Amino acid sequence: MNKFNFSYPTKVYFGEGAAAEALKLELPKVGKTVMLAYGGGSVKKNGIYDELKKLLLQAGKEIVDFSGIMSNPTYAKVQEGAALARESQVDFILAVGGGSVIDCCKVVSAQAALQEDIWSMEYEKGKFPVAGIPMGAVVTVSGTGAEMNSGAVITYEEKMWKGPVVGTGASFAVLDPVYTATVPAMQVLSGAFDTLSHAMETYLGTSDADNVSDDAALAVMRNTVVNMRRLLQDLNDMQARGNLMWDSAMAENGILKVGRLTDFQAHQIEHQLGAYTDCNHGQGLAVIHPVYYRHILKDAEEKFTRFAKTVFGKDTAEEGLEALTEFIKECGLPTKLGQLQSKVEITPEVLRKVADTCNIIKCNPRQLSREEIYEILLECM
Ligand code: NZQ
Ligand code: ZN
C-alpha cells in the first residue's frame, strides 16, 4: 500500500424508511432555507418528492425548488443552480436523484460560495473549493456511488468536454432500495454495470501484492454480478437492489482506492464520448470495457486471471474477458456504439475528436496513446 490519509465525512442511512429517520436527525442541524433539487420529474411521479417535501415542512423548513437537472448535468445547469442558491439565500441543499442530480448539486454548492468561476479556478489556477453550502443526498437510482464522494462529473457543452469538477461532498446520504423501485430495467442494469466498472478500474491499477483493497474490489465485483443476475430473474427483487445499492457506494466511496494508483481509462474515454453524444454513462462503459480490456490483457495478465477466477469462475485471463463480454450481452446492455442513444451520429470523425480531446491520466496497467484510444473507439463501432 502507498502512503495515505483517510477519513469519512458522509453519514449513511441505509434501508427502508431511511429518509424519514435521516431527515428527522439531520434537518435540525441545518438552516431554514432548503434547496430541494431533483431531475426531470421521476420523483414527482413516484411520490418521493411529496414524501420529502412533507418531511421538510414538518421540520419547519422553507423550500426552494431546483428542478430539471438532466442526465449528464451541464455546466450551465450548475450556474443556474448556483445563482438560485445565492438569490434565495439557501442554507442547505437536498439532492434527490442519481449521479446526475447529486453531482450537479455538489458543484452548485461550491460555486454558490465562490466569487469566481469554479471551472476556471480548478482548471486554470489548479485551486479547489474549501467551502460550500452544506448538502445531503437522497439516492433514487444507484450505480455511480456519487453520494459518498465530493467529485462531480460535469458536461461543459460550449467546450465539448465532460470531466471532473471537485465540489462539496454530502454530509449524509439516504440509501433506501425502495426508492429505486420505479427505475426502468435498462437504467438499473446500466447503473449496476457502472458499479462493476468502478471496481474493475480501481482493481486494475497498481498495488502491492496481497493487499486488502484488491480483495475487497474483487468481492464487490463478484457481488455486483451475482445481484445483477438476480435482477435478470426478477427485476423487483428488493434484496438484490439493496445489495447493489451498497455495492455502488462501496465501489466509489474511496475505500477501494486508498494506497494505490487506479486505472479509470475506460471512464476517461466514456466521459469524452459523453461530451459528444450525451450517451448513458453505464451503457457507454458496457461498449468500451471489453474492447479496451482486449488491448491491455497482456499488461495485467495475472490480475485478469484472478478476476476471471473470482468473479466468473473461469481459469484464464482470456476466458474471464470472454465471460465479461457474454455477461454484458446477458444483461441486454449495448455492445456497439451504434446501439447507444446519441444526439449525433457516431462516425469515425466524431470518434477522432473524442480521442483527441480525451483526458489522458496517470494510471496503470498502461497509459494509452491517443492513437490507441482512437483504435479502441473504432473497434467499438
Ligand atoms: O431525471 P429523472 O426524471 O429523475 O429520471 C432519472 C434519469 O432519467 C431516472 N431516475 C432516477 N431515479 C428514478 C428514476 N426513474 C424512475 N424512478 C426513480 N426512482 O434515472 C435516469 C438516470 O439518472 P442519472 O442520475 O442520470 O443516472 P446515474 O445515477 O447513472 O448518473 C449518471 C451521471 O453520474 C456521473 C456520470 O458521468 C453521469 O453524468 N458519474 C458520477 C460519478 C461520481 N460522482 O462519483 C462516478 C461515475 O463514474 C459517473 O461518471
Ligand atoms: Zn462510472
Side-chain angles (χ1 to χ4, degrees), residues 10 19 37-49 51-52 67-75 77-78 95-107 137-156 161-170 173-202 235 241 244-245 248-249 251-254 257 262-275 277-286 288-289 341 359:
T10 309
Y38 53 97
S42 68
V43 295
K44 286 219 162 155
K45 286 192 207 117
N46 60 22
I48 295 174
Y49 176 87
E51 200 172 309
L52 297 175
S67 64
I69 301 172
M70 63 293 278
S71 282
N72 304 322
T74 62
Y75 200 62
K77 196 69 187 174
V78 164
V96 186
S100 297
V101 172
I102 297 169
D103 279 3
C104 183
C105 289
K106 288 173 185 173
V107 190
V138 178
V139 178
T140 66
V141 56
S142 75
T144 64
E147 64 276 15
M148 287 184 77
N149 61 50
S150 58
V153 183
I154 301 296
T155 300
Y156 202 143
W161 171 90
K162 181 179 180 186
V165 179
V166 176
T168 307
V174 172
L175 292 157
D176 181 346
V178 176
Y179 275 13
T180 70
T182 50
V183 179
M186 182 47 81
Q187 181 62 47
V188 173
L189 292 163
S190 67
F193 189 81
D194 187 23
T195 299
L196 181 63
S197 167
H198 295 153
M200 294 191 297
E201 299 246 60
T202 304
L235 190 67
R241 293 243 188 163
L244 286 170
M245 211 170 192
S248 161
E252 199 49 21
N253 64 12
K257 292 182 184 172
T262 61
D263 180 5
F264 275 86
Q265 289 188 106
H267 265 73
Q268 303 313 313
I269 300 171
E270 194 289 327
H271 283 159
Q272 200 50 14
L273 180 69
T277 65
D278 199 28
C279 68
N280 174 285
H281 176 60
Q283 292 185 21
L285 290 169
I288 292 164
H289 261 291
Q341 271 196 4
N359 199 9

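Bear in mind that the values here come from a model prediction, so they are computed numbers and not experimental data. Just follow the structure's listing: the first ligand is 1, and inside any ligand the first atom is 1.
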Problem set entry | Close-contact set for ligand 1 against N46 heavy atoms, below 4.0 Å | 17 (N), 18 (C), 19 (N)
Exercise. Just going by heavy-atom distances, which of Q187, E201, K106 is nearest to atom 22 (C) of ligand 1?
Worked result: Q187
Exercise. Is there a heavy atom in G41 that sits closer than 4.0 Å to ligand 1?
Worked result: yes
For this session: Closest by any non-hydrogen atom to atom 13 (C) of ligand 1: pick that one out of S197, A146, G39, S42.
Result: S42
Exercise. Does any N or O in the side chain of D103 come within less than 3.5 Å of the main-chain N or O of V153, such that one atom is a donor and the other an acceptor?
Worked result: yes
Exercise. Of all the heavy atoms in V43, does at least one lie under 4.0 Å from an atom in ligand 1?
Worked result: no
Exercise. Evaluating non-hydrogen atoms only, which member of G169, S190, A181, S100 is closest to atom 24 (P) of ligand 1?
Worked result: S100
Problem set entry | Contact check: G151 vs ligand 1, nitrogen or oxygen atoms, below 3.5 angstrom | yes
Problem set entry | Heavy-atom donor-acceptor pair, E252 side chain to S248 backbone, under 3.5 Å | no
Exercise. Looking only at distance, does I48 have an N or O less than 3.5 Å from an N or O of ligand 1?
Worked result: no
For this session: Would you mind listing which atoms of ligand 1 come within a distance below 4.0 Å of any non-hydrogen atom of N72?
Result: 38 (C), 39 (O)
Exercise. Would you call M70 a ligand 1 contact, heavy-atom distance under 4.0 Å?
Worked result: no
Exercise. Within less than 4.0 angstrom of ligand 1, does P73 place any heavy atom?
Worked result: yes
For this session: Tell me, please: is K45 in heavy-atom contact with ligand 1, that is, under 4.0 Å?
Result: no
Exercise. Can you tell me if D194 has an N, O or S atom under 2.8 Å away from the Zn ion (ligand 2)?
Worked result: yes
Exercise. What pair of heavy atoms forms the shortest contact from C104 to P73, and how long is it?
Worked result: CB-CB, 3.9 Å
For this session: Using distance alone, decide if ligand 1 has a nitrogen or oxygen within less than 3.5 Å of any nitrogen or oxygen in G99.
Result: yes
For this session: Could you establish whether H198 and ligand 1 come within less than 4.0 Å of each other, counting only heavy atoms on the residue side?
Result: yes
